[in-house]
Amino acid sequence: MDVGIVIVISLNALVIGISADNPGNAGLWEVLELVFFTIYLAECIVKNIWWGVSTYFCGADWTWNLFDFFCLLLSAVELLLKLAAGTTGGSQLNLLKVLRLARLFRLVRIMRFKMFKELKLMAMGLLSGIRALIWAVVLLLVIIYTVSIITKSLLEDEEEFSTVGAGMFTLFRCFTEACETYSGDPIPERIYAKLGGEQQLLFHAAYVLVTMMITVGLFNLIMAVFIDNVTKSQNQRKQKELGETAIETEVNLKMLLARCINEPSEGKSSYMMERFSEEVSNKLNNLTDVAKKRHQLEQRVCADEAFRLLKECNINITREIFQAWLQDPEFVRVLEDADVDISNKFELFNILDVDLGGELSPHELLTGLLSLRGDVSKGDVIYILLRVRDMTHRMEQLQYDIRNLKSGLDPSTARSS
């Protein structure tokens, strides 16, 4: 439904723009507005029936739903005013029409789809960097304000620097675009021609120094701070998304493993079926089928039950079976949706096989895949550091105890002494 509504919103915005340039076909535009309003109203009614009124206004997407409902009310008010007035519009109605364009912001919600991933990253990156960008603008304005006071004192006979405000605008143009007078003459050459002797040399030095400080120093500093801020925000946002989708991903992986193990392909995992009784196999089939039609909480219950059956049967997955699963498009799709890096499929089994036993239990495979989600974070590095430190401490303690045993002393006595 979301993709269809996005197309409708885009068409509605396009019609509003065309109707603004061609007001002569008022009847056609009114009919199209009524059609769009009917679609929006039908969307609202369907969602309330399907989700329920409480979920629609108080659920996870309550902010977007409330915004959509507000836009729908604006459209209804506009239509009622038109019917009551019997006119095709006025200043107030045109204002309502402009406000209705706020529905275009609903396009942001569609960025949750995978096909809009890059667009979402750019939009969220821009939003996260706005704070740093605002302070960068403040810093630039302070510098330009300071320089403009100096130019006002020294070059007040020049029209472009006659006031502090005009000087700030001229300096901004010099730092970002063409440094020209209002008539099109180059400002540096014009000022240089009016000066003479030592003043020309001082102007050279000041002009080069200020230009390099702003264009090379300040602008690159602003870019570096902006990129660093955006990168940090993106990493934090991605880690937050991984945490929010952890339960859903675990459920999907459990059901995927249950399906792959219970449905052998090309004889690769047929030997595992020997460990399944017919009753267990039927239970797994029923759980995987039922989970597709249930809500998230019920899917989690089915996934936990299916995974419990797999662990009770002592199933182990060999390298050949795992490589065969990696050729399954459904298996690969679930791993990609879970943000598991499978670019090097050949080494993936070796990474998961921690004990080098040549086989993976369902629990070992599930835990390994969940650990491979996303990029390496600071928490992952600190976790490894703390684990290594704990292992080092245990090894030192073990070495100390062995040394005391060899010397014929009791370890507890040696430690107390």
Side-chain angles (χ1 to χ4, degrees), residues 1-131 133-134 137 237 241 244 293 295-296:
M1 178 182 288
D2 285 335
V3 177
I5 291 299
V6 167
I7 296 175
V8 173
I9 294 173
S10 302
L11 291 176
N12 192 184
L14 183 63
V15 167
I16 292 176
I18 296 175
S19 63
D21 289 335
N22 301 275
N25 300 323
L28 175 61
W29 307 133
E30 293 302 324
V31 172
L32 290 176
E33 288 294 333
L34 183 60
V35 171
F36 288 128
F37 173 76
T38 304
I39 295 175
Y40 296 145
L41 181 61
E43 177 204 9
C44 181
I45 294 175
V46 169
K47 285 185 176 181
N48 277 276
I49 294 176
W50 183 260
W51 295 340
V53 177
S54 58
T55 303
Y56 183 82
F57 288 102
C58 304
D61 295 331
W62 69 271
T63 52
W64 281 112
N65 294 331
L66 191 61
F67 178 74
D68 291 341
F69 186 74
F70 175 73
C71 294
L72 184 63
L73 287 179
L74 287 180
S75 300
V77 170
E78 180 186 8
L79 290 176
L80 290 176
L81 288 176
K82 285 182 179 181
L83 291 176
T87 62
T88 58
S91 58
Q92 296 179 349
L93 299 182
N94 290 331
L95 177 61
L96 290 174
K97 186 177 295 185
V98 172
L99 291 176
R100 196 168 63 253
L101 279 174
R103 289 183 65 92
L104 287 171
F105 287 109
R106 288 188 55 191
L107 290 169
V108 178
R109 190 177 63 180
I110 308 305
M111 292 182 186
R112 294 179 298 180
F113 289 103
K114 189 176 181 180
M115 61 183 297
F116 295 102
K117 182 178 180 180
E118 288 76 15
L119 180 60
K120 176 184 177 182
L121 290 176
M122 289 188 290
M124 300 304 294
L126 179 61
L127 291 176
S128 61
I130 284 180
R131 182 179 179 182
L133 195 59
I134 290 175
V137 171
R237 188 178 297 108
E241 290 179 356
E244 292 175 348
K293 308 174 183 179
H295 296 293
Q296 184 176 357

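Owing to the predicted nature of the structure, the values given are computational and were not obtained by experimental measurement.
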Query raised in the report: How far does CG of L66 sit from CZ of F70, to the nearest 0.5 angstrom?
Result: 9.0 Å
**Report entry** Atom pair CG (L28) and CD (E33), whose distance is rounded to the nearest 0.5 Å
**Finding:** 10.5 Å
Requested in this report: Return the set of residues passing side chain to side chain donor-acceptor pair (under 3.5 Å) with R131 (not counting sequence neighbours), or none when no residue passes.
Outcome: none
Query raised in the report: Out of curiosity, L72 CG to Y40 OH, how far, rounded to the nearest 0.5 Å?
Result: 10.0 Å
Report summary line: Interatomic distance, CZ@F37 vs CD1@I39, rounded to 0.5 Å, equals 12.0 Å
Query - ring-ring contact (aromatic ring centres under 6.0 Å, His included) partners for F57, two or more places apart - result: F69
Query - Atom pair CD1 (I130) and CD1 (I134), whose distance is rounded to the nearest 0.5 Å - result: 6.5 Å
Report summary line: Between the OG atom in S54 and the CG atom in N48, the distance rounded to the nearest 0.5 Å is 9.5 Å
